[in-house]
Participant: 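A single structure is presented below for examination.
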Amino acid sequence: MSDALVNKLKQVKLAVFDVDGVLTDGKLNFLADGSEVKNFNTLDGLGIKLLAQSGIRTAIITGRRSPQVERRAEALGIDHLYQGREDKLIALQELWRDTGLNADETAYIGDDLPDLAAIRAVAFGATVNGGHQFVAAHADWRTSRTAGNGAGREFCEIILAGQGKLEALYNEYL
């Protein structure tokens, strides 16, 4: 990991996640009654819990509204949830106002054009393997895993590694 990347990661106090295309595989699945089904990966969930355990606040900003996202955020102890927000940068600015944090203390992961302004606005902007190539060209880093398959966990782990906390967290499981 480069010194420049470590310097960005050391300052992170807030990790922000998009949902569809990051914490899920991006597919929209609807049942016959019109209700939506989302699949989340437990690897991502533990990563988010590790962030919280290390004192890093977490948030979701998503363009869609879903009761499944609300339940998942609650189950993981995610601090802030913004749903139905097409303009992710405005939601991110509201989040900073609500938390007293700022861009230099924020990491954001997204996969597509609605995430681009947020990715560019933060200290550490990331995208997923398989995300839109234009977004990847503007991100600081890209996961090796794909969306819904542990990409969120990688994002959590690079933040924790950059802060020198990852190994100690792992050792708690020994």
Side-chain angles (χ1 to χ4, degrees), residues 2 4-5 8-9 11-30 34-41 43-45 47-48 51 56-73 76 78-99 101-159 162:
S2 72
L5 185 56
K8 289 181 178 198
L9 295 169
Q11 304 306 314
V12 172
K13 295 179 182 174
L14 173 66
V16 183
F17 300 81
D18 177 32
V19 174
D20 295 319
V22 175
L23 297 178
T24 74
D25 64 9
K27 296 176 184 171
L28 300 177
N29 300 297
F30 295 95
S35 61
E36 187 175 356
V37 177
K38 292 187 182 289
N39 294 310
F40 295 96
N41 190 303
L43 289 172
D44 297 339
I48 290 167
L51 286 176
I56 296 172
R57 294 184 190 176
T58 55
I60 286 175
I61 299 175
T62 181
R64 299 178 55 81
R65 289 189 179 275
S66 167
Q68 291 90 352
V69 172
E70 188 173 337
R71 283 194 290 280
R72 185 69 172 149
L76 295 175
I78 291 176
D79 300 302
H80 304 276
L81 174 60
Y82 295 78
Q83 293 199 77
R85 303 304 300 268
E86 291 297 323
D87 191 323
K88 309 271 181 99
L89 181 57
I90 290 174
L92 189 56
Q93 291 166 341
E94 290 172 15
L95 178 58
W96 291 331
R97 187 179 62 239
D98 293 346
T99 62
L101 298 172
N102 62 51
D104 293 335
E105 300 167 303
T106 305
Y108 183 101
I109 185 166
D111 68 306
D112 210 344
L113 296 174
D115 301 300
L116 184 58
I119 287 169
R120 292 179 50 133
V122 298
F124 177 65
T127 192
V128 297
N129 184 355
H132 195 279
Q133 63 188 13
F134 189 71
V135 174
H138 291 276
D140 295 307
W141 179 79
R142 179 172 37 191
T143 66
S144 64
R145 290 179 176 252
T146 57
N149 293 303
R153 175 69 167 271
E154 275 190 78
F155 174 69
C156 298
E157 288 179 343
I158 195 167
I159 294 167

Participant: Going by heavy atoms in the side chains, are Phe155 and Val22 under 4.5 Å from each other?
Facilitator: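 No. Closest side-chain heavy atoms not under 4.5 Å.
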Participant: Between Leu14 and Trp96, is a side-chain contact (heavy atoms from CB on, under 4.5 Å) present by the stated rule, with each step listed?
Facilitator: CA-CA 9 Å; Leu14 173 66; Trp96 291 331; 4.1 Å; yes
Participant: Counting C-beta onward and ignoring hydrogens, is there a side-chain heavy-atom pair between Thr143 and Ile109 closer than 4.5 Å?
Facilitator: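 In contact.
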Participant: So which atom in Ala73 and which in Leu81 form the shortest heavy-atom distance, rounded to 0.1 Å?
Facilitator: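 In terms of heavy atoms, the two residues are closest at CB-CD2, 4.2 Å.
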Participant: Under 4.5 Å between any side-chain heavy atoms of Tyr82 and Leu95, yes or no?
Facilitator: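 A side-chain contact exists here, since the closest heavy-atom pair is under 4.5 Å.
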Participant: Compute the centroid of each ring, for Tyr108 and then for Phe17, and state whether the two points are separated by less than 6.0 Å.
Facilitator: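 Not under 6.0 Å, so no.
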Participant: Would you confirm whether Asp112, through its side chain, and Pro114, through its main-chain N or O, come within 3.5 Å as a donor-acceptor pair?
Facilitator: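 Pair absent, no side-chain N/O of Asp112 close to backbone of Pro114.
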Participant: Is a side-chain N or O of Asp104 found less than 3.5 angstrom from the main chain of Ala123, in a donor-acceptor match?
Facilitator: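 Absent.
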Participant: Do the non-hydrogen side-chain atoms of Leu23 and Ile60 ever get within less than 4.5 Å of each other?
Facilitator: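 They are in side-chain contact.
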Participant: Would you compute the distance between atom CD of Gln68 and atom OG of Ser35 and round it to the nearest 0.5 angstrom?
Facilitator: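 Output value for this atom pair is 7.5 Å.
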Participant: Checking the side chain of Asp111 only, and the main-chain atoms of Thr127 only, is there a donor and an acceptor separated by less than 3.5 Å?
Facilitator: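 No: the side chain of Asp111 does not pair with the backbone of Thr127.
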Participant: Within this structure, what is the CG-CG distance for the pair Leu101 and Leu92, rounded to the nearest 0.5 Å?
Facilitator: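 So the CG of Leu101 and the CG of Leu92 are separated by 10.5 Å.
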Participant: Going by the side-chain hydrogen bond (donor to acceptor under 3.5 Å, both in side chains) test, which pairs reach into residues 146-159, not counting sequence neighbours?
Facilitator: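 The answer is Ser144-Glu154, Thr146-Asn149, Arg153-Glu157, Glu157-Tyr170.
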Participant: Work out which heavy atom in Ala15 is nearest to a heavy atom in Ile159; give both atom names and the distance.
Facilitator: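 Result for this residue pair: CB-CD1, 4.1 Å.
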Participant: Between Lys88 and Asp115, does any side-chain N to carboxylate O distance fall below 4.0 Å?
Facilitator: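 Salt bridge between Lys88 and Asp115, a charged N being under 4.0 Å from a carboxylate O: yes.
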Participant: Check Thr106 against Val122 and note the closest heavy-atom contact, atom names and distance.
Facilitator: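 Of all heavy-atom pairs spanning Thr106 and Val122, the closest is O-CB, 3.3 Å.
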Participant: For residues Asp18 and Ile61, determine if any side-chain heavy atom of one lies less than 4.5 Å from a side-chain heavy atom of the other.
Facilitator: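 SC-SC contact between Asp18 and Ile61 ruled out.
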Participant: Find the distance between CG (Asp87) and CG (Leu89) and round it off to the nearest 0.5 Å.
Facilitator: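 So the CG of Asp87 and the CG of Leu89 are separated by 6.0 Å.
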Participant: Do Glu70 and Arg65 sit within salt-bridge range, that is, some charged N less than 4.0 Å from a carboxylate O?
Facilitator: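 Between Arg65 and Glu70 there is no salt bridge, as every charged N stays at least 4.0 Å from the carboxylate O atoms.
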Participant: Give the minimum heavy-atom separation between Ala103 and Ala121, together with the two atoms involved.
Facilitator: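 That closest heavy-atom pairing would be CB-O, 3.1 Å.
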Participant: Side-chain contact test, heavy atoms from C-beta onward, threshold under 4.5 Å: evaluate it for Arg145 versus Leu43 and give yes or no.
Facilitator: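 Arg145 vs Leu43: side chains touch.
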Participant: Quickly, which of Arg64, Arg71, Arg72 forms a side-chain contact (heavy atoms from CB on, under 4.5 Å) with Lys38? Name it, please.
Facilitator: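 Of all the options given, the one that passes is Arg64.
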Participant: Could you report the tightest heavy-atom contact between Asp44 and Gly152, atom names first, then the distance?
Facilitator: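 Shortest heavy-atom contact: OD1-N, 3.1 Å.
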Participant: Working note: Val128 + Arg142, criterion side-chain contact (heavy atoms from CB on, under 4.5 Å); need CA distance, chi angles, decisive distance, verdict.
Facilitator: CA-CA 5 Å; Val128 297; Arg142 179 172 37 191; 5.9 Å; no
Participant: For Ala126, does its backbone N or O pair with a side-chain atom of Asp140 as donor and acceptor, under 3.5 Å?
Facilitator: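 Not a single qualifying donor-acceptor pair exists.
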Participant: Using atom types as modelled and distance alone, determine if a side-chain donor or acceptor of Glu105 lies under 3.5 Å from a backbone N or O of Asn102.
Facilitator: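 Yes, Glu105 side chain to Asn102 backbone: donor-acceptor pair under 3.5 Å.
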Participant: Less than 4.5 Å apart, any side-chain heavy atom of Val37 and any of Phe30?
Facilitator: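 They are not in side-chain contact.
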Participant: State the CD1-CG distance between Ile48 and Leu76, to the nearest 0.5 angstrom.
Facilitator: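 Here the interatomic distance stands at 5.0 Å.
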Participant: Answer whether the closest heavy-atom distance between the side chains of Glu36 and Asn29 falls below 4.5 Å.
Facilitator: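 No; the side chains remain at least 4.5 Å from each other.
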Participant: Of all heavy-atom pairs between Leu51 and Cys156, which one has the smallest distance, and what is that distance?
Facilitator: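 Scanning both residues, the minimum pair turns out to be CD1-SG, 3.5 Å.
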